[in-house]
Each structure stands twice: as structure tokens, then as C-alpha cells.
Number of protein chains: 2
Amino acid sequence: MPAPPPGEPGQGSPATRRRGEGLLRAIYTATIDQLAACGYSGLTMEGVAASAGTGKASLYRRWASKDDLIIEAVNHVLLGAADLPDTGSVRDDLLDLLRRTTEVVASPTGCAFYALMRGNPSERDFAMLAKKRLMQPRHALVLELLQRGVERGEVRPEAVTPLIGHVGIAMVSHLIMLNDGQVTPDDLVLIVDDILMPIVRVRDDQPSKSSTTRSLSG
Amino acid sequence: MPAPPPGEPGQGSPATRRRGEGLLRAIYTATIDQLAACGYSGLTMEGVAASAGTGKASLYRRWASKDDLIIEAVNHVLLGAADLPDTGSVRDDLLDLLRRTTEVVASPTGCAFYALMRGNPSERDFAMLAKKRLMQPRHALVLELLQRGVERGEVRPEAVTPLIGHVGIAMVSHLIMLNDGQVTPDDLVLIVDDILMPIVRVRDDQPSKSSTTRSLSG
DNA sequence: CACATTAGATACGATTGAGTTCACTACGGC
DNA sequence: GCCGTAGTGAACTCAATCGTATCTAATGTG
């Protein structure tokens with residue numbers, strides 16, 4: 001139950017109802033929590049209303065359906081900032097970015113977004129929205145970070161690919177799934193040092209063409 | 001609706017009901033399909049019965065609850081074979097294994113298992129069971145394959161880690177999620193050649209200690 | 001063929017949730 | 001303080017589902 005906002009100064013009577021923005025925020029949060037807890041199929045208007053500490057009538061006054069509510073909640077819920085780190089080294093940038101990405105992915109909001117992205121084809125619109133808000137900005141940051149590494153001579157130009165841009169977050173979400181929502185700081189260091197850096201960094205044996213990669217493993 | 005089995009020879013009257021094993025198989029399949037379609041929360045006994053073309057009474061005759069049914073279905077549903085490929089090169093072994101893993105992960109059964117693994121803490125027992133049947137055998141195969149590559153001099157010994165063993169399947173499941181269930185053969189080749197091989201293969205600049213990895217990226 | 005068992009269809013009472021309505025009252029602005 | 005609006009709680013009808021029970025008939029075995 002959210003704490004009621006303080007009453008007017010000098011009036012001594014605290015307000016007992018939320019109104020407007022405060023209630024909206026509680027409803028969005030409740031929607032995300034329900035999505036994280038039981039996915040799209042399991043989310044009910046009753047559950048959202050109960051979790052938000054309000055009544056169904058307040059939901060239906062604003063949204064005609066569960067779908068409308070979800071779309072708006074996904075659009076408006078707060079996500080962590082998506083900024084490009086600048087530590088001076090690609091390794092440390094990747095680590096910093098991966099930490100921040102992990103915080104978001106491991107949060108209830110992250111869980112809710114993943115639930116939408118993994119839904120079945122009838123839930124495609126939600127999936128696209130979740131990808132647009134959660135995945136695309138962070139993916140773009142990784143590629144930008146790698147490109148900057150290329151310009152610094154730290155990263156192979158051939159490593160700046162959409163696929164390689166997904167490795168970090170793929171590993172994090174996989175570990176979260178396998179380890180009951182837990183990823184340790186050590187895990188992140190290992191992902192960067194043992195997986196990402198071997199892939200992206202300029203090598204001493206670096207030829208300029210990726211076709212040589214195949215003949216080496218031939 | 002499953003095709004009815006042929007009638008007795010010479011009798012001309014096809015059977016209209018399944019019995020025993022045939023019905024069990026249909027129920028397991030229906031359970032997995034429902035899990036894949038609407039997750040644990042959304043799965044109903046009515047839905048499973050309808051999908052299996054049977055009645056609820058046949059379900060309740062065998063299982064006291066939805067949970068009991070799910071546990072048994074997860075235990076008994078067929079998964080693709082988990083065999084160690086032997087193509088003569090680590091690269092081709094990884095590709096072969098990744099193809100087979102992808103077939104399973106992208107199937108309705110794979111979807112159902114992932115739905116269970118990503119459920120909330122109250123569904124932990126299901127998650128553990130799904131990990132045990134789907135993830136562990138395939139993870140073990142990757143490590144075994146990498147270890148064999150070490151013995152052949154193709155793979156760095158430091159690359160045979162639990163974390164690196166997860167990279168392939170993490171990437172595949174991530175792409176499936178992002179691309180509406182689709183992963184192309186080209187994607188798999190890129191995962192092997194651009195991600196897995198750079199991580200695992202013996203390098204021309206190969207020192208024997210992994211601590212040098214960090215100072216190179218420092 | 002006779003018989004025991006199982007499958008399938010249906011109905012039932014209870015519960016949950018969707019969507020709606022209503023009465024009361026809290027709240028903010030004037 | 002007055003008034004219009006929004007929030008709250010409860011009740012309502014309808015649909016879906018749960019778990020149970022019953023009946024008919026399909027099926028396999030001796």
C-alpha cells in the first residue's frame with residue numbers, strides 16, 4: 001500500500017486518496033509487477049487493481065482493455081538511463097555498460113519486458129514495443145562503444161556487428177534465467193574478459209580479413 | 001485432432017478412442033503446447049483436455065492437479081537426441097551441435113521449457129526440472145566437445161569453462177526471442193565463426209596464462 | 001461372446017475474473 | 001464554502017474454469 005502523500009501544511013488532515021499522476025504511477029508499477037509475476041496470460045485487471053491499491057472502475061475509466069493498459073504501462077514505466085560510458089578503455093566501458101544493463105534486466109521491469117518479448121505470436125505488438133524500449137537503445141550503445149574502440153585501435157572493425165552487439169545481454173539474461181534471477185559482479189567480469197574481449201579486441205595475429213578466421217579453424 | 005489408429009484388420013471399423021499410451025502421449029503433447037502458448041499461469045486443465053481431444057475426467061483420473069500433470073509431461077516429453085558430434089574439427093562440431101540445439105530450443109517443447117525456466121519463484125521446481133532435462137545435457141556436451149578440442153590442440157584449455165559453455169545456447173535463445181522464433185542457418189554459422197571460435201581457439205599469440213588476457217585489454 | 005476397465009461427453013456447484021453500474025465521498029480549483 | 005470531477009468500494013451479470021460425479025459406450029482380454 002503506497003504511503004499517502006502529506007496533507008496540506010497546517011491542515012493536519014493527511015490526504016487518503018491519490019489522484020492523477022500519483023495514481024497513474026501506481027497503476028503502471030502494478031501492471032509491470034503483475035507482468036513480471038505471471039506474464040501476459042496471467043495478468044488480470046483485478047490483480048493490477050489490487051496491486052495498485054485501487055478499484056477496477058479507476059482502471060476502466062482510463063483504459064478500455066487489458067491490452068491498452070499494458071501498452072501504456074510499457075511506454076511509460078521508467079527504465080534505467082542508457083548512456084555511453086567513457087572510462088578510457090573498451091574493457092572497462094563494456095563492464096560498466098553491462099552492469100547497468102544487468103540492473104535493468106534483473107529488475108521487475110526487465111522481467112516484465114522479457115515476458116512480453118517471449119510471448120506467443122498474438123502478443124507481437126507488445127514484444128515489438130518491449131524490444132524498442134529495452135533492447136534497441138542498449139544494443140545501439142554497445143555498437144557505438146565498439147565503434148569508438150575501433151577508432152581507438154582497441155577493437156577489430158569486423159567485430160562491430162549486430163550479432164556481436166547482442167552477446168553481452170544474451171549472456172546476462174541467460175544467467176539470470178539459470179541462476180534464479182542472480183548474476184554476480186564476478187560473472188559480469190568473466191563475461192567481459194573471457195567472452196566479449198576475445199571476440200572484439202585487436203589481435204597480435206590480426207589479419208585485416210575475416211575470411212582468414214575460417215581457414216584458421218578449418 | 002490426432003488421427004485415429006487403424007481398426008482391426010478385416011473388421012472395417014476404425015477405433016474412435018485412444019487408450020493407455022496413445023492417450024498419454026497426446027496429453028503430454030497438449031500440455032507442452034499449452035505451456036508454450038500461454039505459460040504456466042495461462043495453462044488450464046480445460047485447455048489441455050481440449051487440445052488433447054479428451055475429457056477432463058481422463059486427466060483427473062491420472063493426475064490430482066495441474067502441477068502433477070506438468071511435472072510428468074516435462075519428464076516424459078521427447079527431446080531431441082543429445083549426442084556428441086564428431087566431424088573432425090571443433091568448428092564443425094560446434095556448428096552441428098548448435099544446429100541440433102536450435103531445433104530443440106525453437107520447438108514448442110523448447111518454448112514450454114523456457115517458459116518454465118523463466119517463471120517466478122513459486123515455479124522453481126518446474127524450472128529445475130526443465131533445466132535438468134534441457135540445459136544440463138546440452139551444456140555438458142559443449143564442454144565435452146571443447147575438452148576434446150583441447151586434446152586435439154584446437155582449443156585453449158582456459159576456454160573450457162561453465163560460462164563459455166553457455167554462449168551458444170544463450171545466443172540462440174536470444175535470437176529466437178528477438179526474431180519471432182526464427183534463427184537462420186547463416187545466424188548459426190556466424191555465432192560459431194564470429195563468437196565461439198574467437199573465444200575458444202588456440203591463438204598464435206597464445207600465452208599459457210589467462211591473466212595475460214586482462215593486461216592485454218587493460 | 002462376455003466382462004471389466006477405461007474413455008469421452010455432459011452436467012453440476014463453486015470460484016474467479018471481465019466489464020459495468022451506482023452511491024458515496026475525497027479532492028482541487030474557484 | 002461550493003461545485004464539479006475523480007476515486008473508492010461494492011454489487012451485479014455473464015463467461016470461463018475447477019474439480020467432481022454420472023452415464024454411455026468403446027476397447028482389450030480371456
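Atoms considered below: every heavy atom in the structure, side chains included; atoms not considered: hydrogens, waters and symmetry mates. In what follows, chains are A, B, ... by sequence order, proteins preceding strands, each numbered from 1.
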Please determine if a side-chain N or O atom of [X] lies less than 4.0 Å away from the OP1 or OP2 oxygen of [N].
X: A/Arg19; N: C/dA26; value: no
X: A/Thr54; N: D/dG7; value: no
X: B/Thr16; N: C/dA7; value: no

Side chain A/Lys56, main chain A/Ala49, donor-acceptor under 3.5 Å: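 Judged by distance alone, no pair lies under 3.5 Å.
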Exercise: do B/Asp67 and B/Tyr40 side chains pair donor with acceptor under 3.5 Å: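 The answer is yes; a qualifying pair exists.
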Side chain A/Arg18 and base D/dG7 donor-acceptor under 3.5 Å: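 It does not, because no donor-acceptor pair links the side chain of A/Arg18 to the base of D/dG7 below 3.5 Å.
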Donor-acceptor pair under 3.5 Å, B/Arg17 side chain vs D/dA26 base: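 Side chain to base: no pair below 3.5 Å.
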Parallel, tilted or perpendicular: rings of B/Trp63 and B/Tyr28 (30°, 60°):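 Tilted.
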Minimum-distance pair of heavy atoms, taken over all atoms of A/Ala36 and A/Cys111: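 Answer, listing the atom of A/Ala36 first, then A/Cys111: CB-CB, 3.7 Å.
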Under 4.0 Å protein heavy-atom contact, by nucleotide of nucleotides 10-21 of chain C - B base, S sugar-phosphate only: -------BBBBB
d([atom1], [X]; [atom2], [N]) in whole Å:
X: B/Trp63; N: D/dC18; atom1: CH2; atom2: C1'; value: 17 Å
X: A/Leu23; N: C/dG28; atom1: CG; atom2: C1'; value: 15 Å
X: B/Leu59; N: C/dG8; atom1: CG; atom2: P; value: 10 Å

salt_bridge(A/Lys131, B/Asp180) N-O dist < 4.0 Å: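 Yes, charged N to carboxylate O under 4.0 Å.
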For A/Asn120, side-chain hydrogen bond (donor to acceptor under 3.5 Å, both in side chains) partners two or more places apart: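 Partners of A/Asn120 by the side-chain hydrogen bond (donor to acceptor under 3.5 Å, both in side chains) criterion, ordered by chain and then number, come out as A/Ser122, A/Glu123.
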